[in-house]
Asker: 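Supplied in structure tokens, the structure appears directly below.
Both ligands and their constituent atoms are indexed starting at 1 by order of listing.
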Amino acid sequence: MKLTGREKTELFLEGIVTVILLLMLNLSIIILINQSIHTNPGLRDGIFIIKKSILIGPDHYHLWSWENIFITLMLVFDAAVVYWRLIRRYHQMQLRHIISELHYIANGHLDHRIGFKLKGNTQSVVESINALVDSVIKSMNEERAIESSKDELITNVSHDLRTPLTSILGYLGLIQDKQYKSQEDLLKFTQIAYLKAKQMKSLVDNLFEYTKVKQTGTPLSINRIDLSQMMEQLVASFELEAGKNGLQISAQGTDQPLYIEADAEKLGRVFNNLISNAIKYGKGGKHIYLTCQVGQPNEAVVHVANDGPEIPKQSLNQIFERFYRVEGSRNKDTGGSGLGLAIAQSIVDLHGGYIAVTSENQLTTFAVHLPFKHGDRLSRPDDLK
Ligand code: ADP
């Protein structure tokens, strides 16, 4: 820390004043002692006896010049007092510097940090202040990011609700104004309005689900689940829908049951979303393959794969973002909200796992990695980050 000219003068004057005060004190002590010795013969004799009886060193010197020793001791004491007063004043100055730096930061210069180095405990105070400012800035930025992500969520939801709502109002308006030519037209308009209303409901449901799983501390109802058996059940429940879309769905589990600790309902939601996507976006393909196996020693891996159009490379690391839809899916009438994968990822994350996606050679594969034990957390490999 650099002292200003004024502070240096202040220190200098403090030293001078202390020295003068101490010299006056020393002088008065010496005068007092001398006076007491001269006016008190008993004391003088006592001092003489003490001087005679004290012998110093192997050669037994007498302590005749006690005044010199007394003066030396007083000078040492004086030096200590001067040092103590100067150090105390210097610490006050350091504190003043720290406070003025704090005022500067508090006045909005949030990227400023206390730059000077001090000795001892004061340096740890400076470091703590800098660390405190860093963490305040970090949480302010996080707060801002959350705020803008909420705004973005509201904008997206309003947009996605307004589109079907506009068409519902349009078709209901046509019906109300009797602007239809035949009974078939009337039925068609009602059907479109109904479909759009269903789309709105699905968006609201997804949104509700998304905010629910995104909340911190979402409770999980953990049970022991056999993933092999779950795959079989999923095949049975999607067989018909896949068939209608010209797709064949099959599962390949392990010979033995593959148990993990998980929330069956929430995990079901993950696989439902992945399989529904495989049906929706796998048009032109023929198969949906479900497999489950042991991955790393502490994890189970479920693959949901479908042949059909690939996801463009540049979209692969964005498809888990909420409301993200690959260009083309937006225009097609697949009725998606862009929340399905975000929900799936949040649920898998709640279980301590992660999802990875690959899309090449006409095969799109979602790999869901889950720890066997509830409470364990798998770390996503670096090449997937
Ligand atoms: P959506 O409600 O649009 O289905 P998702 O979050 O489930 O939202 O999916 C995001 C986007 O990822 C989809 O719009 C789609 O473009 C793409 N996608 C997801 N699964 C597949 C898949 N199996 N094959 C091809 N594209 C997919």
Asker: Answer yes or no: does an N/O atom from I311 fall short of 3.5 Å to an N/O atom of ligand 1?
Answerer: no
Asker: May I ask you to check whether Q199 and S202 show a side-chain donor-acceptor distance below 3.5 Å?
Answerer: no
Asker: Within less than 4.0 angstrom of ligand 1, does G282 place any heavy atom?
Answerer: no
Asker: For Y324, take its heavy atoms, then give the atoms of ligand 1 lying under 4.0 Å from any of them.
Answerer: 10 (C), 11 (C)
Asker: Can you confirm whether V304 sits close enough to V368 that some side-chain heavy atom of one is under 4.5 Å from a side-chain heavy atom of the other?
Answerer: no
Asker: Indicate the ring-plane relationship of Y104 and H112, choosing parallel, tilted or perpendicular according to the 30° and 60° boundaries.
Answerer: perpendicular
Asker: With nothing but distance in play, are any N or O atoms of K280 less than 3.5 Å from an N or O of ligand 1?
Answerer: yes
Asker: Salt-bridge test for E261 and R224: reply yes if a basic N is under 4.0 Å from a carboxylate O, no otherwise.
Answerer: no
Asker: Is a salt bridge present between D349 and R380, judged by a nitrogen-to-oxygen distance below 4.0 Å?
Answerer: no
Asker: Taking 4.0 Å as the limit for heavy-atom contacts, which would you say applies to F366 with ligand 1: side chain only, backbone only, both, or neither?
Answerer: side chain
Asker: Under 4.0 Å between a side-chain nitrogen and a carboxylate oxygen: does that hold for D205 and K201?
Answerer: yes
Asker: Are any non-hydrogen side-chain atoms of L290 and I275 less than 4.5 angstrom apart?
Answerer: yes
Asker: Counting the benzene-type ring for Trp, do H303 and Y289 have ring centres under 6.0 Å apart?
Answerer: no
Asker: Could you tell me which atoms of ligand 1, counted from 1 in the order shown, lie closer than 4.0 angstrom to a heavy atom of G338?
Answerer: 1 (P), 2 (O), 3 (O), 6 (O), 8 (O)
Asker: State whether the shortest distance between N or O atoms of L341 and N or O atoms of ligand 1 falls below 3.5 angstrom.
Answerer: yes
Asker: With heavy atoms of G340 as the reference, note each atom of ligand 1 found under 4.0 Å away.
Answerer: 5 (P), 6 (O), 7 (O), 8 (O)
Asker: Return a yes/no value for T364: is any of its N or O atoms, backbone included, closer than 3.5 angstrom to an N or O of ligand 1?
Answerer: no
Asker: Heavy atom under 4.0 Å from ligand 1: found in N273's side chain, backbone, both, or neither?
Answerer: neither
Asker: In terms of atom number and element, which parts of ligand 1 are under 4.0 angstrom from non-hydrogen atoms of V326?
Answerer: 14 (O), 16 (O), 17 (C)
